[in-house]
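The basis for the numbers below is simple: all heavy atoms, side chains too, and nothing from hydrogens, waters or symmetry mates. Proteins get letters first, then strands, A, B, ... in listed order; numbering begins at 1 in each.
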2 protein chains.
Amino acid sequence: MLQDGYAAVSSRSVAAKVGINAPLVHYYFPTIDDLFVAVLRRRADANVERMAEALASEEPLRAWWRLASHPRGSALFVELIAAANHRPALQAAVGDYAREVRRMQMDRLSSLLGEYGLDPVELPPALVAAAVQGLAFALVADQVAGHDTATDEAHAGMDRLLDRLEARRRAGSAG
Amino acid sequence: MLQDGYAAVSSRSVAAKVGINAPLVHYYFPTIDDLFVAVLRRRADANVERMAEALASEEPLRAWWRLASHPRGSALFVELIAAANHRPALQAAVGDYAREVRRMQMDRLSSLLGEYGLDPVELPPALVAAAVQGLAFALVADQVAGHDTATDEAHAGMDRLLDRLEARRRAGSAG
DNA sequence: GGGAAAGTTGAACACGTGTTCCAACTCGGT
DNA sequence: ACCGAGTTGGAACACGTGTTCAACTTTCCC
């Protein structure tokens, strides 16, 4: 799926990949949509867990960013989101997942922004959450597509920004 | 394409849409890839122009944001980017376009960040550009997919943030 | 061991796809 | 009138798709 895009996923192609034949994948996943939804759910559940850990960790923002900007993980979600475009069942599942994660992030941010020295009025949680996620997606998407859009610079800039923010939070909690 | 996703675009479907039949679309666009590339280029050229205007306008950041967060425009690009996944020719064209736009944005930002009272060291142009674009994409994508991820809140927050930034720039240029 | 349940397969159906070939048509210029 | 270039349409090819069906094999329980 990461190699050839979601469009290359068919009952026969995945059957060949795992050494069985087509009808058997329909035995386990009656519909191809079911297959996609299962893949999404598996990955989504794992990610919700990891996101919870990240947000509860020592350096929440950095951990969140590391998770969000992880190439393989995000690339798969990009693919699934694209596939969801014309697959209502998958689209609904993606929506559920997006809503859950977004809620987690916003809840945590509401108490976290102050610690990082950010004004929650100037930068509301909904905006920060969407920005972090969107930025990560943009960078990952450009990276996997091979577009040369200064992603290195952006990544480096984000790392430095995180250094400063996490330092500010440490200083605040210490003082 | 916006209704049914890029996967619904076939020689026959577009032929039916314009009241001709399939071989004729191959007469004009020998390959379906050519069709996609043509659509991309048309839209991309228009967008490059609009982006140039936006960046040169009275309130560059707000204009940029308005352009980037425009639902129909961005939704089409989301679709094209997804389609590009397994269409090398289209992918290359998307890359060219992304690179051009990103360069425009970064060039302008390098002289603009200071005017907005932002530190170009703390927030390098590459990061800001990717963030704006990524945020817009995330919001538009969630919106068109119907995911309820507090996009209203995020939009409102961004509007207020832009108000403050543009005000700051006005004040700076006046004083 | 027997029989039921679970698992697995080959063949096929109907369909939509990109694309090609060729015949037909339109239409402007001479 | 006619001819040639540009344009359009019908039919078809080979292919991959989702899915179903009936048959076969394996596994497991009694």
For a quick check of understanding: with a heavy-atom distance under 4.0 Å over all strands, which category does A/Leu24 fall into, base, sugar-phosphate or nothing?
base

Suppose we call two aromatic rings close when their centres sit under 6.0 Å apart. Are B/Tyr97 and B/Phe77 close by that rule?
yes

Under a single-linkage definition using a 4.5 Å side-chain heavy-atom cutoff for Ile, Leu, Val, Met, Phe, Trp and Tyr, are A/Val39 and A/Val18 assigned to the same hydrophobic cluster?
yes

With the side chain defined as heavy atoms from C-beta on, B/Pro23 is closest, among D/dT8, D/dT20, D/dG9, to D/dG9

Side chains of A/Asn85 and B/Glu79: any donor to acceptor distance under 3.5 Å?
yes

Treating Ile, Leu, Val, Met, Phe, Trp and Tyr as nodes and any side-chain heavy-atom pair under 4.5 angstrom as an edge, say whether A/Met104 and A/Leu40 lie in one connected cluster.
yes

Mind running a 4.0 Å heavy-atom check of residues 35-42 of chain B against DNA chain C and sending the residues that fall below it, in number order?
none

First of A/Tyr28 and B/Asp33 reached from the 5' end of DNA chain C, by closest nucleotide
A/Tyr28

With a 4.0 Å cut-off on heavy atoms, is A/Phe29 in touch with a base, just the backbone sugar-phosphate, or nothing at all?
nothing

Short of 4.0 Å, heavy atom to strand atom, which residues of residues 8-22 of chain A count as contacting DNA chain C?
A/Arg12, A/Ile20, A/Asn21

Using a 4.5 Å cut-off on heavy atoms from C-beta on, say whether the side chain of A/Arg160 contacts that of B/Pro124.
yes

Is there a chain of hydrophobic side chains (I, L, V, M, F, W, Y, each step under 4.5 Å between heavy atoms) that links A/Ile81 to B/Phe137?
yes

Contact boundaries of DNA chain C with chain B (under 4.0 Å, heavy atoms), 5' to 3'?
C/dT17 to C/dT20

Flag for A/Asp142-A/Thr151: side-chain donor and acceptor within less than 3.5 Å:
no

Aromatic ring centroids of A/His86 and A/Tyr6 under 6.0 Å?
yes

A/Glu59 and A/Arg170 ion-paired at < 4.0 Å
yes

If hydrophobic clusters are built from ILVMFWY residues whose side chains come within less than 4.5 Å, do A/Met51 and A/Val132 share one?
yes

